[in-house]
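The model shown is predicted, which means the values in this text are computed figures rather than measured ones. To find a chain, count down the sequence lines: A is the first, B the second, and so on, and within it residues start at 1.
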Amino acid sequence: MRKPVLIILCGIFVAVHIIALGKITEESKKLPKDEDSAYVMPGSILRITALDFDGLASDFLFLKALVYLGSTYERKEEFRVEAWEWKWIYHVLDTSTSLDPYFLDPYYFGNANLTWGGGLIKEANALMGKGSRYRSWDYLLPFYMGFNEFYFLGDNEKASESLMEASRRPDASPLYASLAVKLAYKERRTENAIAFQEYILEHTKEPELRKEYEARLNALRGLGYLEKAVVKYKGRFGRYPRKIDDLITKHIIDKVPAEPYGGSYYITSLGQVKTTSESKLMPYQRLNLLPSSPSMLPPGQMSL
Amino acid sequence: MTTLWPIALITFKEGIRNRALYGITLLALLLLIANFLISGLFMQEIGKVAVDIALSAVSLSGLLLVLFVGINLMEKDLDKKTIYMVLSRPISRSQYIVGKFLGMALLIIITMVFLSMCAMLSIQLIKMAYPTYFQRFSWPMVLLALSFSTLTMILLSALAFLFASFTSTSFITLVLTVIAYIIGQSLSDVKALVEAPQVVGIQVSAITVKLVQIAYYLFPNLSIFDIKTHAAHALPLSLSYIFWTVIYGLVYTALAVTGAAVIFRRREFP
């Protein structure tokens, strides 16, 4: 064959190759994705097939979950990630940690996302429990577990136990123990949440996560500040203020703190301070903040 | 020893000249460079991932070395009929096998030392790039894992010798060695699974359990040499574990080579 013919042929092949690959990528996105395709092999089987590359398999399974969740940021819907997808991510992380139960990343990633994003508190805590058993030198995982128990499940007793466990581990902040004791006072919910969030922020390096945590901390601080003012108001006037502005006009506070999510604070008829962006503080409002009233949960929305 | 050494040396030289060796080394180096890109994707334990990838790259290249260079070395004399020339010399067939094996072991050790140094360099460079992400890390454990990996490859090549002593072509030896490797790596996990099948909700007959238990003692347990997880997390390992693992590896290797020599002595060449 002559040279120009060869060059043209190669050019055509390369062009078709690029077009075909692009088409396939596009088409594969349209393929139905559901729970059936989201099967994850159990860890004990994968251990066999991974031969002596268990650690590597664990790393790549974790990356799979990370990339999957990352790819959902392209979506436009408000509830970006569907419930079965959260379950799938949990299973992938669980398998990843079965292959290498000492690997911190899946635990860390699972805790940050399964709870706030997916509302899978029990699953996240199962991961924390597993990690905490193996990583016996690490105070972070029992600490996170304690936070989840306190904040999402409203189980102060268990949270206190987890925090005590965290405080016994090497290099743990001595404040964990005192926080564990404080948890006994249920009425100090916001205050305890602020203390927890401060510790969590301390241990977070990623700028994106830090930004999110700082906003959450500021919202909680705002709530805490206003709650105190409401108590003062009640002490002075014998009733709850009807709206936030009452606190200013009666000179209890000078100004209302800024709401970091762009919403605003308000007072319920029962005197509770709330924010209009409560869904940021409670993921998807699947769970109720008040530990005393679990029956108030809307039916079918709890995916625990 | 004086008769073994020339055979060992010539086997080693033959191995070093094998082109496949360069390919394997190149692959290992590429994997170690990829280590930078991959471990940077992680959030917390970059050190763990870097050690995982480095050790896996060395272990994979060692495996390829045994499968494609080692078996070739063993079978070359048989395939090319140069074995007649060797056997007409004043050496016994057992000496020939043992000498060849020593040469192969030397080749494995030297290649693994080179690959290990590259692996440690890649870990060190990543460590310099992300110093705060290497909280739990210990060089002695990495070195131990690399040594165990080398021991695995020596054991596997001894098995390849055993298979080569009775098969007629190198392809069958290759297949048998690959099967032995897969069985060896997964046997203890399979044993754990069939002994407690309820974990994944399967049913296993009593005969299967017995068979697996017999296989456990028959085939080499290669997974005991796999301490990559320990190395990656700097988990402590007892001295007696290390001692018995080394003893197990050496004894199994000696058994396989002796078996190969015994079979080879009785072999008839057409």
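Shown here is B:F36, whose CZ atom has more than 12 heavy atoms of other residues, nucleotides or ligands within 6.0 Å. The number of heavy atoms from other shown groups lying within 6.0 Å of NZ (A:K158) does not exceed 12. Residue-environment remark: OH (A:Y134) stays at or below the threshold of 12 foreign heavy atoms within 6.0 Å. Annotation for B:L239: atom CG does not count as buried by contact number, only 12 or fewer foreign heavy atoms lying within 6.0 Å. Annotation: B:W139, atom CH2; neighbour count of heavy atoms from other residues, nucleotides and ligands within 6.0 Å is above 12. Atom CD1 of B:I247 has more than 12 heavy atoms from other residues, nucleotides or ligands within 6.0 Å.
Using a 4.5 Å cut-off between heavy atoms, A:T49 does not touch chain B at all. When heavy atoms are compared at a cutoff of 4.5 Å, B:T229 approaches chain A solely by way of its side chain, counted from C-beta outward. With a 4.5 angstrom heavy-atom cutoff, B:I38 touches chain A only via side-chain atoms. Contacts between B:L60 and chain A at a heavy-atom distance below 4.5 Å involve backbone atoms as well as side-chain atoms. For chain A, the nearby part of B:L193 is the side chain; its heavy atoms alone come within less than 4.5 Å. Looking at B:D226, the atoms closer than 4.5 Å to chain A (heavy atoms on both sides) all sit in the side chain, from C-beta outward.
In terms of heavy-atom pairs under 4.5 Å with chain A, the best-connected choice from B:V190, B:V51, B:D189, B:L55 is B:D189. Ranked by heavy-atom pairs shorter than 4.5 Å toward chain B, the options A:D59, A:L56, A:L51 are led by A:D59. Comparing A:F62, A:F103, A:F109 by how many heavy-atom pairs each has under 4.5 Å with chain B, the most go to A:F103.
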Test A:D100 against B:K48 for salt bridge (charged side-chain N to carboxylate O under 4.0 Å, His left out), laying out the working first.
CA-CA 11 Å; A:D100 182 356; B:K48 179 258 171 192; 2.9 Å; yes
Exercise for review: Mind running side chain to side chain contact (heavy atoms under 4.5 Å, CB included) on B:L235 and A:W137 for me, showing each step along the way?
Suggested key: CA-CA 11 Å; B:L235 302 172; A:W137 61 86; 3.7 Å; yes
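Minimum interatomic distance between A:Y102 and B:H233 (heavy atoms only, all atoms of both residues): O-CE1, 3.0 Å.
Taking CZ of A:F60 as the start and CD1 of B:I53 as the end, the distance is 5.5 Å to the nearest 0.5 Å. We find the CD1-NZ distance between A:I48 and B:K191 to be 13.0 Å, quoted to the nearest 0.5 Å.
The backbone N or O of A:L104 lies less than 3.5 Å from a partner atom in the side chain of B:E45, making a donor-acceptor pair.
Donor-acceptor pairing under 3.5 Å is recorded for the side chains of B:S59 and A:D52.
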